[in-house]
Amino acid sequence: MIGYLAGRLSASFLILVGVTIVTFGLTFLIPADPVAMIAGRTSTPQVREQIRVQLGLDQPLPVQYIAYVTRLAQGDLGRSYARKSDVGPLIASRLPPTLLLMLGAIIAELMIGIPAGLYAASRRGKTADKAAMIASFVSISTPQFVLGLSLIYVFAYLLPWAPLGGYGTFSHLVLPALTLGLAGGGWYSRMMRSSMIEVLQQDYIRTARAKGMPEWRVLLRHGMRNAILPIVAMIGLDVGIFMSGVVVVENVFGWPGIGQLMWQAIQSLDIPIIMGVTLVAAVFIVLGNLLADMIAPLIDPRIRLR
Amino acid sequence: MRDFLLRIQNLCLGFQTEAGYLRVLDNVSLDLTPGETLGLVGESGCGKSVTAQSILRLLPCPPSRVEEGHIWFDDKDILKLSQSELQDLRGNRIGMIFQEPMTSLNPTMTIGNQLAEPLRLHRKAGAGEARAAALDVLKRVGIGNAEQRLNQYPHELSGGLRQRVMIAMALICSPQMLIADEPTTALDVTIQAQILDLLRTLQKELGISILLITHDLGVVAETCHRVAVMYAGRIVETGTAVQVLTDPQHPYTRGLLAASPRYAKKGERMPAIAGQVPPPGKRGQGCPFAERCPLVMDICATMPPLQGDEHKAACWATKT
Ligand SMILES: Nc1ncnc2c1ncn2[C@@H]1O[C@H](COP(=O)(O)OP(=O)(O)OP(=O)(O)O)[C@@H](O)[C@H]1O
Ligand SMILES: [Mg+2]
């Protein structure tokens, strides 16, 4: 177990090193000169040269990279061009709303996907099954900004049950979490359905029936426990999938998280923020994967961590 | 007139498949008295498991369908029970163990929890009571370290142990009847003997009725009071174990005996009966065994009835 964890952590570390190379590369890929961004358009060549030396941009690339990683290791994510403040604290202050939104979205997709999939599996081939699968298809293929705006129109404008946007109370969370989680709910309902159909053909389900267990208990107690495994493995990955979704959803709903921060940074070509958010997102994806692998053995005793 | 615990009458059952409806059981009749062990024998694919599962209505329908027949258990027709009456029977008054010990236990639940389930369902037992009963029944089926086994998962147990757990689970509510569908086929020889020993002991101690499905006539001789021989979804011979094994009437039974290492006369042992069981859908109007039968006659194109008193056979060649 501990050996396994150590192995996974060192692999994760290597992945993150790879990510730093990519984020470092962003500086050169994004068509914006950091010096011009800092100095402003009206600066003289001398001032620009001075800033260039200050930033270390006159150094060879490997030296620049080492300097970048060294700063990272000290927790220094750089300084925003546009906002004139440090990127680290900026991201830290935007992280809690984003995490809350993701948590809400995960709960939403599980609450939609698992019951829908179970229900479809138990009515396999019948009208209810087909209706559920069409609904899941629609939910998967609806673009998030369309969904978000439609939800706002219906539930915040026509029926003013929820606020139009913003951050603060539980009712602010409902619509954005639904927008972010609905597509995942559609996926999960399909996964749950097919996984449940497979599980229901297993011999131990027959054993459970032969014990005299009511059908709904067979489904929930013996079926769901086994059918849910592939979904648990996916929850960790969701964190990564959500990372791009939050950029859209946070902007539609005016949610003050890192997605909104990222969007604003992209518009103003604020490279340190783009780099910082990318790195933080990568850390979350890696942690999410790790989490998914740690949860699986808790549910399925056959999976042993090695 | 014997008093029956279980009586299957003229059961006809089939499956809806892509090739249309296929009848798998044709006029199956069986009966079992209290405290008796009935062996159901036949080659692979002749409908033994389907018969066994139809008793507890475990076959999903669709695709399965009962065309006609009755399954009487204690004067009630199981085929007419409501879902809740059926659930009250399953695991409580009739226990069942399956052909596949490796996959019949839920891999994500401990042995203890799975064992306790029937008690909690039927007796509304609390956790402590169920655990005590689980320990007790594990000891009764000869599992050592019972205390420790309760907390283990199925994958930590061997096939023989898993089948013992299945037996324990089927017996925990003290049923009147046990259906054992080839309980030893998937296990190796020494374990097979142990499991059969266990079934015999339990039968004597508890006085339950057992429907024992097997394709091994040796098992029948050691374990069963009576036997029914099944071929292509029909009962072709039935009688006491002694009658059927020492004086077989149906050529199929004789073929099975000749192929059995234990009953073939020295030097006369045949590897198996030539040919195969005709699959459902390829069975005509006549005797299904005709195409493999050494005694085949013209009249075999019509179905022979199962006739006789205690010892019955369905063959035109044997007039009892
Ligand atoms: N779900 C099903 N759909 C269609 N046909 C089925 C189904 N289940 C069983 N059958 C058919 O019923 C027949 C009897 O099968 P069954 O499993 O009862 O045989 P068996 O006597 O138990 O054989 P074995 O010794 O191999 O266990 C087989 O021909 C099989 O193809
Ligand atoms: Mg079988």
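Quick note: numbers below take in every heavy atom, side chains included, and nothing from hydrogens, waters or symmetry partners. Chain A is the first sequence line, chain B the second, and so forth, proteins listed ahead of strands; every chain is numbered from 1.
Residue A:Lys211 is tested with B:His122, B:Met96, B:Arg120, B:Glu117 for a side chain to side chain contact (heavy atoms under 4.5 Å, CB included); the sole match is B:Glu117.
Residues B:Pro60 and A:Leu200 form no side-chain contact, since every pair of their non-hydrogen atoms from C-beta on lies 4.5 Å or further apart.
Of the residues considered (B:Thr103, B:Leu86, B:Ile97, B:Ile172), B:Thr103 shows the highest number of contacts with chain A, using heavy-atom pairs under 4.5 Å. The residue among A:Met213, A:Gln202, A:Glu215 with the most heavy atom pairs within less than 4.5 Å of chain B is A:Met213.
Of the two parts of B:Gln114, the backbone and the side chain both hold a non-hydrogen atom closer than 4.5 Å to a non-hydrogen atom of chain A. Heavy-atom distances place the backbone of B:Leu105, and not its side chain, under 4.5 Å from chain A. Contact of B:Met102 with chain A is not made at all, since no heavy-atom distance falls under 4.5 Å.
Enclosure of atom CD in B:Gln16 by more than 12 non-hydrogen atoms of other residues, nucleotides or ligands within 6.0 angstrom is indicated. Crowding of B:Tyr21 atom OH: a count of heavy atoms from other residues, nucleotides or ligands under 6.0 Å exceeding 12.
Across every non-hydrogen atom of A:Pro214 and B:Gln87, the tightest pair is CA-NE2, 3.5 Å.
Rounding to the nearest 0.5 Å places OG1 of B:Thr108 at 11.0 Å from CE of A:Met224. Rounding to the nearest 0.5 Å places CZ of A:Arg209 at 12.5 Å from CZ of B:Arg57. Between B:Phe98 atom CZ and A:Thr207 atom OG1 the span is 5.0 Å, to the nearest 0.5 Å. Here the CG atom belonging to A:Asn226 is positioned 4.5 Å from the CG atom belonging to B:Asn106, to the nearest 0.5 angstrom.
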